[in-house]
Structure formats: C-alpha cells, structure tokens
Amino acid sequence: MSTDNYVNFFQEKQGRKGIWTWLLSTDHKRIGLMYLYSIMILFMVGLTLGILMKLELIAPGRTIMGPQTYNGIFTLHGIIMIFLIVIPGLPATFGNFFLPIMIGAKDVSFPKLNLFSFYLYILGALVATTSQFLPGGPPDTGWTFYAPYSFKTSTNMFPAVLGAFILGFSSILTGLNFIVTIHRLRCPGMKFMKMPMFPWTLYGTAWIQLLATPIVGITLLMVIAERFFHIGFFDPALGGDPVLYQHLFWIYSHPAVYIMILPAMGAISEIIPTFSRKGIFGYNALVVSTMAIAIVGYFVWAHHMFTSGLSMVAQFTFSLLTFLVAIPSAIKVFNWVATMYKGSINVQVPFLWALSFIFLFMIGGFTGLVLGAVATDIHVHNTSFVVAHFHYIIFGGMGFAFFAAMHYWFPKIYGKMYSKTPAIVGWALFFIGFNILYFPMFILGLQGMPRRYYDYLPKYASLNAVSTIGSWILAIGFLIVVINLIRGAIKGPKAEANPWEGKTLEWTIPSPPSLENFEEIPEIS
Amino acid sequence: MEAIDHNSHAHATPHRDDTASKIGMWLFIFTEILLFGGLFIVYSVYRYYNPVAFHIAGEELNDFVGTLNTIILLISSMTVAMSITAIQKNDKKLALILLYTTLVLGIWFLVNKYFEWGVKFEHGLYPGSVLLPKLGTGDTMFFGLYFMMTGLHALHIIAGMTILGFVIVFIHKNKIGPDKYVFHENAGLYWHLVDLIWIFLFPLFYLIH
C-alpha cells in the first residue's frame, strides 16, 4: 500500500518544530489525539478518585476520609468524569479523527475552530481544577450544582461552575463544526443514507450539543450571578424557585446522557458488522432510531425530578416519554444481535468489548425502566441503585464502547498492532471487576442504602466490601489495557491497512493516514 | 469568525466554502437564541408568579430611553446591512463610513444604557440593595431579571462591536473585498441577532404593563 515517499500525519510537520507540531496543528487527526491523551490522563484521575471513594466505603464508619473530603471527592469525580471525559468522549477523540475520513473529506469544515474548541476544553479543565486549590475548599455540591446549596456553600463554586460553562462552549463549537462538516464535505456519492453509522450518530449528537448546551450555559451563568449579586433566581428567601433550577439543569443534562451514549452506539454499530463479516442489519432503522433518541431525549428530563414535587400530570407525562425513549434504544440492541445472527463471527478484542457493551447496556437500560416508572423510582430515588444504573449506562456503555473503539481503530491511528493476549486478559478483568463493583450497588440500593454518604449502617457492610474489591480488579484490568495499548503504539508490530476487513472508507487508506487523508477525494457508487 | 478558517494547510489545496461559513454562523446564532431562551423561560415563570409586582415594577422603567435605544439599534442594523452591499459594489469608503456609523450607534446605545442603569442604582433598585427586598419578592425578581438580561445583552453588543472592529481592520487590509465578504456578512448576521434579542427584551420590560 505505502510507497517509499509516503508521509503519514505523524511525520508531516507542516513547518513546525517539536511540541508545536501538535499544539498549533489544525489537523483533525492530531487534535483528536490531543483530546484522546487529555481524556486518558483525566480518566486516570477520575478513576483514582472513584477508587478512593470505594475505599472509604469498604467498612462502616470513617475509614480514610471524613464527610467533607468525601463530598469534595464525589463532586470532583463527577465533574471530571461528566464534563471532561464522557461528554467530549467519543466525539472529540474518534469523532475528530474519523468523521472526516469516514465521509471522504480531508478535514472538518472549520479546522481552526476545531483547535479553538480544544483549547477551550483545556481552559475549562484548568479553571475547574483551580476550584480544588483556592482557599475556601473544594466544591461539595455534587456535579449537579443543585440550588440553593450551590450558592449558599462557602466552597469554591465559582471556578467549578465557570469551568463547566467554558466546557459547554467547547462542546457547542465541536457540535457546530461536525454538523457543517457533515452537510458540506461528504464526498461525491456519499448520500446521507449511505453514511456509515458512526458519522450518523455524531450528527445526532452534534444537534443535541448545539440545542441543549446553551440552556445549561445560561443556568450556570445564573448560578454565578446568584452567588455574586444575590439576584434570587433560585433562592426561596428572595422569591426564587429551586425546582426551576432543577428543570433548567436537566433540560440540558438529560439530553447530555444521549450526547454520551449516541456516539458509543455508533462505534458499536461499526464494530459488530465488521467482526460478523456481514452488513449491518436494518441500517434505516438504526438511522431513524438515532434521530429518534436525539429528539425524544429532549422531552424526558423531569424523570430526574419525580420526588421534587411535580404535579401528577407532569409525572405521568415524563414517565410515559421515558418509556418511549427506551424503544429506539431497544431497536438498536435488536439490530446488533440480528447482525451477528448467521454472521461469520471473528472474535477479536474490539468485538469482545462490543459484546460486553451490549450486555452492560442492557442491564443499565432495564434498570433505567425501574427508575422511569414513578412508583418504583420513588422507592429507589437517591439510593445507590441510581448510581449503579448510571454507571452501567455510562461506564458500561460509553466507557466500554470507548475501549472497543480504541482497540478497533488503534491499528489505523498508529499503523501498529497491540498484543492480543494481554488485551483480552485486561478486558476480562475490567469486565469482571466492573460487575463486582457495580452490581452489589443495585442490591444495596434496593435495601435502602443512600448515595453520597461517606458512612452507612453495618447491615450494608458485606456488599460494600465486595464492591470495593471489584474496584481493585477493575483498576488492574484498566492498567493492563492501557499499558498494552501504549506498548503497542510504541513498539507493536506493523499493522496492515485493513486488519479487520472493514468496509468503511477509513480502511481504504494507508495506516497511519496521510495529512490529507486521501490523495484524491473518493467517490461512492 | 469562521470565514478566516481557510487555507489551514499551508501547502494544501486552498479550500474555501462560504456556504459552510454561513451555515456555521446561523447555527451559532441558534445557540445564542437558546441561551437567551433560558432567561425568557425564567422571566415567564416569574411573571406568572408575580403578575401585579411585575406590572408595577415595569412602570419604573423609562419608556423614552427604551424606545430611543430600539430605534438606535434598528438603524444600526440597517447601516450594517448597507455596508455589506457597499462592499459587494466595491465601494470601500462608503462601507467603512457605514461601519463606523454602526459602531457609533452601538456606543450611543451603551451610553444610554449606562445612564438608565445609573438612575436605577440611584433609586436603590438593584439586586442586593437595601430597598429592593422591602418592595417584595416580585420586584426583586423583576429587577434581577432586568439587570441580568439587559446586562447579558450589553455584553453581546460589546462582542458584536468587537467583531465589527475586526471587519473594519480586514477591509483596511483588503482581506475583505467585493469577492470575499463572508466574514463581513457573518459579522452583520451577528449584529442583527443582537438587535433581534433587544426587540424581544424591549416589550418584555418596557411595554407590557
């Protein structure tokens, strides 16, 4: 494939030197990788915080930290994981890297804006981080910044909220860039209904980013105004309504869950057919269900607020809509399974991650129905059941899809291959550890153990200890996976251009891709 | 903003897509409208809770200044639109005169706003004042929203004027000309957005009593 004078994008310096070949590059591939490295580093921080929380919960009473530290740690864990990792997650990394390639383009529509989004991301991360070190102490509200506590607490709310605002802006600009790119830069013959599923899900995601993020932006500005000028928007003492804050917050933050999960579904929809050596089953249904999730996902936010004092009509309506949004998700699971049916399955590492994604996403989805029904939700509201459900969807869903995508596209990005055995061992430990960590939390929640407490009654002790042990297994699995990938990127054997026999455009070009991706813009017949 | 994103790869085929730049700007304007949309929702909710207090508080505002500022912004939108036509017809001088006029009108708007806010501060009608809580929660909310919404709008005026400043610089440097004016158009679009938001703020605060 590659000729003697072939120059890949790692070798192409564009007249810059050293670190500047990365920091000033507007190449979508380099920007995607910069996001990837930032996200991986932050993920290790977030994971460490999570393990510290679990360590505190290994036994009743104070183990390694007091309540205020615990509150600070779960807040920081939430802010890092939500705003810095899972929201940019797949779109900013693999989306940036592969969206232009998969639609046959040389770059995104606005490469400089793309780099600007990245720096906004870094700025937001730095601003949010300062909240940990300034006098006043780390924020302790949880990542939801619920009013009125978020403007009553003396901790450093301002940098945390401002950081989230800046990150939202970065997310909006990435979404905007992707929408324009998909509309303007598809190669000849790449009709909308011929586009692979991953770009399709990025398209749906981009619209959610664009339409939902401004609402949380203005809400966070209101919290800041509230803290500095005591306006009273959400302060009952001044005539404000804290429930209004919850509405505004979840109008964004529920669709944000679909920002997290849709691209994950897209990556899975690429991986399953490749390793089943079959076309994807029901492409049209997958496209429609993607857009249906994006649209219906807007109208379900108040299911986070069933205990906040909504009217019966509102509770009923939002519960019904929540059940509706489960339908397109189920269609997707059905289509993935149907794709595998009678396929010639090639069990490789990415496929294992994808299979475990489906399994965990199903558990997360079914327990989501428990939370979507008003009666059962009131029983388990604010218990560790909710935490378990959320982690099954986001970590088991988006997180596993992220690693599936990582192992799937790795040979294309680096032109090298990781070792298979450690990758499988790492995956197995990760998967087993994950279930040992989170499954007991469903049972604990049903038994009534509240979330966000550093302590609990002695009757919850044994399951909590099991859960903590699960977090260690997961961490070991994670380390094996990451070390194996880093080793593969540095000194893995050379990978073929199309090791998995993939059918999409990124597999038609050499690995790693050249700066311009294609020598000539391809044509789809 | 987007229009200068061309030629990102020094040696690559020059890629220029004015339509993409315009779609990008429209999408950005969409997000701005949603940003203010959040405040419009909050306004509606609190107006519904406190109809009488909002009615009385609204009469505190100076209709004359509000109307004057509306006229100023409408004229400035016209001058910006005319400057785009002027640059399309290659009349650089006229385009610059119209753009400077727009900037002057923008500053005039802000000066009026400054005096208007000043009067409110003199009367003690601002968030955190001693007087406001005594008037009741409805008034507190009305003036809180008034300062938040007109304040955020004023920030947008300043942002819009900054962008127009860049347009003026680019015209001087011939980076904007009769065959390359999409940045100018996008700046104009943004200015119209700022105008449009005011068109909604004006009746909400000054006219509905």
Side-chain angles (χ1 to χ4, degrees), chain A residues 12 14-15 25-28 105-116 169 172-173 175-177 179-181 183-185 206-207 209-219 221-222 225-226 228-241 244-245 247-248 251-252 515-516, chain B residues 1-13 15 17-46 49-50 53 126-129 132-133 136-149 151-152 155:
Chain A
E12 180 68 65
Q14 292 178 273
S25 175
T26 53
D27 179 10
H28 66 100
K106 293 187 170 180
D107 207 324
V108 292
S109 275
F110 311 123
K112 283 182 187 165
L113 189 68
N114 202 10
L115 187 64
F116 181 63
F169 202 49
I172 288 176
L173 293 178
L176 184 151
N177 214 339
I179 293 176
V180 179
T181 305
H183 273 282
R184 296 296 299 171
L185 293 180
W207 275 108
Q209 286 175 305
L210 208 65
L211 297 180
T213 319
I215 306 290
V216 81
I218 194 67
T219 311
L221 283 186
M222 280 190 254
E226 191 89 53
F228 284 116
F229 308 116
H230 309 288
I231 293 181
F233 290 129
F234 309 121
D235 187 352
L238 295 173
D241 184 352
L244 187 59
Y245 172 85
H247 276 293
L248 290 168
I251 284 176
Y252 164 72
L515 178 66
E516 300 249 284
Chain B
M1 271 175 286
E2 288 81 2
I4 45 174
D5 287 342
H6 307 313
N7 303 325
S8 53
H9 309 311
H11 69 286
T13 356
H15 171 76
D17 187 349
D18 288 354
T19 313
S21 302
K22 268 195 252 178
I23 297 174
M25 196 62 207
W26 277 107
L27 291 174
F28 186 71
I29 285 175
F30 212 23
T31 67
E32 289 274 18
I33 290 173
L34 284 165
L35 189 82
F36 276 91
L39 284 171
F40 286 132
I41 290 173
V42 175
Y43 175 94
S44 330
V45 169
Y46 289 125
Y49 284 166
N50 313 290
Y126 58 92
S129 75
L132 210 48
T137 52
D139 292 73
T140 312
M141 206 53 73
F142 181 87
F143 285 102
L145 281 164
Y146 167 76
F147 279 103
M148 180 87 185
M149 292 172 88
L152 192 64
L155 285 179

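Lettering follows sequence order; numbering is per chain, from 1.
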For the atom pair CE (B/Met148) and CG (A/Leu221), what is the distance rounded to the nearest 0.5 Å? 5.0 Å
Say you draw a straight line from OG1 of B/Thr19 to CZ of A/Arg184; how long is it, rounded to the nearest 0.5 Å? 4.0 Å
Note, A/Ile218 side chain near B/Leu152 side chain (heavy atom, < 4.5 Å): yes
Honestly, the part of A/Phe233 sitting under 4.5 Å from a heavy atom of chain B is both
Please classify the contact of A/Leu210 with chain B as side chain, backbone, both or neither, using a heavy-atom distance under 4.5 Å. both
Side chain, backbone, both or neither: which part of A/Ala237 has an atom under 4.5 Å from a heavy atom of chain B? backbone
Going from CG on B/Asp17 to NE2 on A/His183, what distance comes out if it is rounded to the nearest 0.5 angstrom? 12.5 Å
To the nearest 0.5 Å, how far apart are NE2 in A/His230 and OG in B/Ser129? 12.0 Å
Considering only heavy atoms and a distance below 4.5 Å, find which of A/Ser25, A/Gly240, A/Gly175 pairs most often with chain B. A/Gly240
Determine all donor-acceptor pairs shorter than 3.5 Å in which one atom belongs to a side chain in residues 38-45 of chain B; sequence neighbours excluded.
from    : atom 1 : to       : atom 2 : distance (Å)
B/Tyr43 : OH     : B/Arg47  : NH1    : 2.8
B/Tyr43 : OH     : B/Leu204 : O      : 2.5
B/Ser44 : OG     : B/Phe40  : O      : 2.6

Let me know if A/Tyr245 has heavy atoms under 4.5 Å from chain B in its side chain, its backbone, both or neither. neither
Extract all donor-acceptor atom pairs below 3.5 Å that involve side chains of residues 25-35 of chain B and protein atoms in other chains or at least two apart in sequence.
from    : atom 1 : to       : atom 2 : distance (Å)
B/Thr31 : OG1    : B/Phe28  : O      : 2.6
B/Glu32 : OE1    : B/His156 : NE2    : 2.6
B/Glu32 : OE2    : B/His156 : NE2    : 3.3
B/Glu32 : OE2    : B/Tyr190 : OH     : 3.2

For the pair B/Tyr46 (side chain) and A/Gly239 (backbone), establish whether a donor and an acceptor sit closer than 3.5 Å, ignoring hydrogens and angles. no
Is it the side chain or the backbone of A/Leu244 that comes within 4.5 Å of chain B heavy atoms, both, or neither? side chain
Counting only heavy atoms not in B/Phe36 (residues, nucleotides, ligands), do more than 12 fall under 6.0 Å from its CZ? yes
For the residue pair A/Asp241 / B/Tyr49, report whether a side-chain donor-acceptor contact shorter than 3.5 Å exists. yes
